[in-house]
Amino acid sequence: MLSPKIEKALNEQVLLEAESSQIYLAMASWAEVEGFSGVAAFLFQHSDEERLHMLKLLKFVNERGGHGTVPALKAPSLKYKGVKELFQQVLDHEILVSTEINKLVDICLKEKDYTTHNFLQWYVSEQIEEEALARLILDKLKMIGADKSGMYFFDRDIATMGAAEKAPAEKK
Ligand code: OFO
C-alpha cells in the first residue's frame, strides 16, 4: 500500500512523463514541418517512449492501492531556433527529469517504501541512458556546425539512433 505522500509524488511524476511526451511530440512535429524527417522520426518515437513511462507509473500506482491520475497538460512551444537548440532543450529536460526521479527515490528511502524504491530503479537507469544519448547527439551536432551535407547525413542516421544506442535488454 502506498502512503499518501508517495502516491502524490508518483502522480507528480506521471505528470512530468506526460509533459515529456507532449514536448517531444511538439518537437517532432516542428522537425517534420522543417523537413528534418529523421529528427522527426526519432522524436516521435521518443514521445511514444515517454508515454509508456507515464503509463508504467500510473499502473504501478493503481496496483499498489492508489489512484493514478491523468493530468491536464500545458501546450508546449511550437517553434525552435534550430536542431541544435532543440536537442539542447531535450538534454536540459532530461536532466530535470533525472533530478525529479532522484528526489522520488529519496522520498521512498525516507518513508521506508522499499517496493517503490525498487520499482524506481528502472527509471534511474533509463535517465542515465537518455541523458547520455542527448549528449551524444549534441556532440555530433557541434561537430557538424553549419555543414549542410553533415546535417543531411545526421538527419538520415538519427532516424534509427534511439533504438540502436540502447542495449537490447533496455529497449521497450
Ligand atoms: Fe521518461 O525518460 Fe526521459 O524524460
Side-chain angles (χ1 to χ4, degrees), residues 2 6-32 36 38-64 66-78 80 83-109 113 115-141 158-172:
L2 294 172
I6 301 237
E7 181 177 350
K8 184 169 174 284
L10 287 172
N11 273 322
E12 280 166 10
Q13 192 62 31
V14 166
L15 167 64
L16 192 51
E17 300 290 344
E19 275 177 356
S20 305
S21 178
Q22 189 88 330
I23 289 168
Y24 297 146
L25 186 62
M27 288 177 168
S29 184
W30 174 85
E32 191 162 72
F36 297 107
V39 171
F42 174 88
L43 290 164
F44 278 125
Q45 189 201 329
H46 204 46
S47 170
D48 286 348
E49 283 187 14
E50 297 297 351
R51 184 169 189 279
L52 291 177
H53 298 174
M54 181 269 292
L55 266 181
K56 198 177 163 97
L57 273 160
L58 186 127
K59 289 186 171 183
F60 177 80
V61 173
N62 290 346
E63 262 167 35
R64 301 289 300 151
H67 185 177
T69 51
V70 178
L73 299 175
K74 289 189 296 236
S77 161
L78 295 178
Y80 301 91
V83 171
K84 188 157 78 79
E85 290 77 5
L86 180 151
F87 277 104
Q88 183 61 55
Q89 285 186 35
V90 171
L91 176 60
D92 293 345
H93 185 74
E94 290 302 332
I95 292 171
L96 168 84
V97 174
S98 301
T99 307
E100 293 307 310
I101 293 282
N102 287 342
K103 281 189 202 159
L104 251 178
V105 169
D106 195 49
I107 295 172
C108 290
L109 286 177
D113 182 343
T115 309
T116 305
H117 181 271
N118 183 52
F119 166 77
L120 287 173
Q121 296 314 302
W122 184 88
Y123 287 85
V124 171
S125 320
E126 183 65 18
Q127 284 310 121
I128 296 171
E129 296 261 340
E130 293 201 346
E131 278 190 39
L133 183 56
R135 285 196 179 90
L136 182 82
I137 291 170
L138 266 177
D139 285 347
K140 284 184 195 290
L141 285 166
I158 195 175
T160 51
M161 210 185 237
E165 297 296 330
K166 289 192 172 180
E170 314 248 339
K171 284 184 194 165
K172 296 156 295 292

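In what follows, every heavy atom counts, from backbone to side chain, and hydrogens, waters and symmetry copies are set aside. We count ligands from 1, going down the list as the structure has it; atoms in each ligand are counted the same way.
For the atom pair CG of Leu133 and CZ of Phe42, the computed distance is 4.5 Å after rounding to the nearest 0.5 Å.
A donor-acceptor pair under 3.5 Å links the side-chain atoms of Glu7 to the main chain of His67, judged by distance alone. Panel note: side chain Ser98, backbone Glu94; a donor-acceptor pair is recorded below 3.5 Å.
Side chains of Gln45 and Glu49: a donor on one and an acceptor on the other come within 3.5 Å.
Around atom 1 (Fe) of ligand 1, protein N, O or S atoms at less than 2.8 Å comprise Glu17 OE1, Glu50 OE1, His53 ND1.
With sequence neighbours left out, the salt bridge (charged side-chain N to carboxylate O under 4.0 Å, His left out) criterion links Asp106 to Lys110.
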Tell me, with the steps shown, if Gln127 and Glu131 meet side chain to side chain donor-acceptor pair (under 3.5 Å).
-> CA-CA 6 Å; Gln127 284 310 121; Glu131 278 190 39; 5.1 Å; no

